[in-house]
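To keep things clear, I will list the structure first and then write my remarks on it.
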Amino acid sequence: MVPANFHPDAPEDLIPEYRAEMVYECIGCGKSFDINQFLYTCPHCKSLLRIKNKSFSRLKEKPGEYWQEVFDFRKMLNTPSLKGIFRFYEFIFPIIPLDDIIYLGEGDTPIVKSNPELSDFIGREFYVKNDGLNPSVSFKDRGMASAVSFINYMIKKFNIRELLGICASTGDTSAAAALYLSYLDKKIVRSVVLLPEGKVTPAQLSQPLGSGATVIEIPGVFDDCMKIVEDLAENYQVCLLNSKNPIRIQGQKSFSFEIAQQMDYKTHNLVVVVPIGNAGNVTAIMEGFLEFFQTGVIKSLPLVIGVQSTHANPVVQWKERGFYTPMSVKPSVAQAAMIGNPVSFPKVSHLVENYFKENFLAISVTEQEIIEGMLQANRHGHVVCTQGGETVVGLKAALTKKLIPENAKVVVDSTSHQLKFMNFQQMYFEDSYPPEFEIHPRKELQNNPFQLKASASEIASFLKLKKKA
Ligand SMILES: *Cc1c(COP(=O)(O)O)cnc(C)c1O
Ligand SMILES: [Zn+2]
C-alpha cells in the first residue's frame, strides 16, 4: 500500500520525519562523542560505547499507543527501507536517510508455536522466534543492517574512497558482515573476516567465502581473534563490525520490538529466553524492551532468561557468585556462543543492576541437553540451531526450577538456522563426538539413511507396507 492510499486518520509518522541528535556515549566515564565517525571504545578510558539518542524525550511526547499504530501501519507499506529492522526507525538509528538504508530482507521473523508433543517434552507451550530466517540465516543480520547502513551513509556523506570492514567471529558475524558489505561498492569497500581455525562449521566458513570476503584463519578460539581485531581497530584505519560496534546493538534491538508487536504489545507475563555468547544480543534485547517501556509502547518489562552451556557460562557464574571472572571455555555444540569473556558483559551488568534486576535470570545447561534440545525441537516442526536447542532446554530447566510464572507467554530465541550446525547433528547420529563434548548419543534420537536396492517391492517390504485390496 502507498502512503497516499491510507485513511486520513492514519498516523502522520508513517514515513519517518523524526530525526534525532545522536552521539556515542561512554558507559564508563560518561563522555560523549560526535556520531559522524567510526568509534568502538572510549578514547579517554577505553570502556565500551553505547549510542545515545539525545532527542529520545521527544518520542515520549506522543503516547505509546501512537507508536504502536505507526509500527502496525508500517507493516502494510512496501517501502523496502522500512520493511526490515527500520520499521522501528525512530528506535533504531534515526539519523540515516531512508535512501541510505541497506535492506537485504532481514528482520520480521516469525514466531512459531510449539506443538502438543514438544510442549509436553518441555513442560509447557511456548513460541520459537525463528531468527534463522534472516538472509545469512542468523540474527546477526539485524545488527549488520544498521552498521552497514551507517557505513553506506558515511561513505556518501564524507565521500570516503577507501574503507576496510573487519570482524572476528564464531561464524555468524562474519557471514553477516561479508554479506552486507558485499552489497556496497567494491571499488571502495574491502571485506575481511578473522576466524578461529577449525572452530566454525563448514557452512559458516563457506558463507564469507561465497560473499567474496578475505577470510583469515588463525589458531586459537574466538577470544583470540577478538583480541587481534581490537588491536587492529585501535591502531589502524579499519571499520570494526563486531558487536562492540554500538551501531550493531541498535539494529539488534529490533528483535525485542518485533516480539512486542507480535504480542500486540501485551508484554505482561512475557518471558524471553536467549543464548548468551559475547552478550551483544542479550544487551540489545534488554535495551530494546527498556526503550519501548520508557516510551509507553509496552507497559511492563519481560523476564529475560539468558542461557549458557556449562562449558562456557561466565554470565551464569556471575549471577550465582555475585562477581565476574572470565573463564576458559571447553568445546561446545553451541559454538556460536562459546565465549569465556563476553565483550558486552559490562553492558549486561549495567542493564541488570539498574533496570532489569529480578527480571533477568541466567541458567546453565549441559552439552547433552543442548544437542538433544535441538534434535527434539526439529523433530516437531522447527528448524532451530544448536543455540536454539540451548534456549529450548534452558526453558525446560527454568520450568524445573519453577522460575516461570504459571500464566507466562514464553518466546525462545533460535538465533540461527538448523543448517548452519548440521555437523553437530551428524556427529550425534554417527556417534562421533570427541570425548571433550561429553555427549553420548541415544538410539531413539539418532537417524541415518538406509541404502536399499532400487526396487519398489524391496522398499515396500522394508517399510512393511500393506498391499492395496
Ligand atoms: C552470535 C551468536 C550467538 C551469541 O550471541 P551474542 O550476541 O554473542 O551473545 C548465539 N547464537 C548464534 C547463532 C550466533 O550467531
Ligand atoms: Zn570513557
Ionic contact status for [Y] with [X], cut-off 4.0 Å:
{"X": "Lys266", "Y": "Asp264", "value": "no"}
{"X": "Glu217", "Y": "Lys199", "value": "no"}
{"X": "Lys347", "Y": "Glu287", "value": "no"}
{"X": "Lys62", "Y": "Asp13", "value": "yes"}
{"X": "Arg142", "Y": "Asp131", "value": "yes"}

Drop me the distance from Leu301's CG to Leu351's CG, to the nearest 0.5 angstrom. 10.0 Å
Does Phe6 form a ring pair (Phe, Tyr, Trp, His ring centres under 6.0 Å) with Phe73? I'd like the steps, not just the answer. CA-CA 9 Å; Phe6 278 93; Phe73 271 85; 5.7 Å; yes
Side chain to side chain contact (heavy atoms under 4.5 Å, CB included) between Phe158 and Asn36, worked out: CA-CA 9 Å; Phe158 297 104; Asn36 285 304; 3.7 Å; yes
Starting from the C-alpha separation in whole Å, work towards a yes-or-no answer on side chain to side chain contact (heavy atoms under 4.5 Å, CB included) for Cys45 and Cys26. CA-CA 8 Å; Cys45 75; Cys26 174; 3.4 Å; yes
My understanding is that only one of Arg74, Arg87, Lys83 makes a salt bridge (charged side-chain N to carboxylate O under 4.0 Å, His left out) with Asp108; could you say which? Arg87
If we check salt bridge (charged side-chain N to carboxylate O under 4.0 Å, His left out) with Glu234, which of these qualifies: Lys46, Lys244, Lys227? Lys46
Which residue, Met374, Gln418, Gln335, forms the side chain to side chain contact (heavy atoms under 4.5 Å, CB included) with Thr386? Met374
Pick one: which of Thr391, Leu399, Val392 meets side chain to side chain contact (heavy atoms under 4.5 Å, CB included) with Leu395? Leu399
What are the two closest heavy atoms between [X] and [Y], and how far apart are they?
{"X": "Ala284", "Y": "Gln252", "result": "CB-CB, 3.5 Å"}
{"X": "Leu118", "Y": "Asn115", "result": "N-OD1, 2.8 Å"}
{"X": "Leu77", "Y": "Leu14", "result": "CD1-O, 3.9 Å"}
{"X": "Ala362", "Y": "Lys319", "result": "CB-CG, 4.0 Å"}
{"X": "Pro314", "Y": "Pro342", "result": "CG-CD, 3.6 Å"}
{"X": "Ser146", "Y": "Ile85", "result": "N-CD1, 3.9 Å"}

For Phe345 and Tyr324, I'd like to know if the aromatic rings sit close, meaning centre-to-centre distance below 6.0 Å. yes
Checking side-chain hydrogen bond (donor to acceptor under 3.5 Å, both in side chains) against Asp172, which of Lys420, Lys140, His417, Gln207 comes through? Lys420
Test ring pair (Phe, Tyr, Trp, His ring centres under 6.0 Å) applied to Phe71 and Phe292, step by step: CA-CA 12 Å; Phe71 304 139; Phe292 261 19; 5.8 Å; yes
Where do Tyr103 and Phe86 land on the ring pair (Phe, Tyr, Trp, His ring centres under 6.0 Å) test, with the steps shown first? CA-CA 9 Å; Tyr103 170 67; Phe86 282 95; 9.7 Å; no
Should Arg248 and Met144 be marked as a side chain to side chain contact (heavy atoms under 4.5 Å, CB included) after you check the CA-CA gap, both sets of side-chain angles, and the distance that decides it? CA-CA 6 Å; Arg248 274 198 44 209; Met144 227 40 92; 3.8 Å; yes
State, with a plain yes or no, whether a side-chain heavy atom of [X] is found less than 4.5 Å away from one of [Y].
{"X": "Ser243", "Y": "Asn278", "result": "yes"}
{"X": "Ile92", "Y": "Phe257", "result": "yes"}
{"X": "Pro16", "Y": "Leu82", "result": "yes"}
{"X": "Asp223", "Y": "Ile339", "result": "yes"}

For [Y], does its backbone N or O pair with a side-chain atom of [X] as donor and acceptor, under 3.5 Å?
{"X": "Asn313", "Y": "Gln308", "answer": "no"}
{"X": "Asn359", "Y": "Pro302", "answer": "yes"}
{"X": "Gln387", "Y": "Ala336", "answer": "yes"}

According to the interplanar angle, ranging from 0 to 90°, do the rings of Tyr355 and His350 count as parallel (below 30°), tilted (30 to 60°) or perpendicular (above 60°)? perpendicular
Trace of the side chain to side chain contact (heavy atoms under 4.5 Å, CB included) decision for Met286 with Val352: CA-CA 9 Å; Met286 287 196 283; Val352 171; 4.0 Å; yes
Applying ring pair (Phe, Tyr, Trp, His ring centres under 6.0 Å) as the test, list every pair that has at least one member in residues 17-36; sequence neighbours left out. Phe33-His44
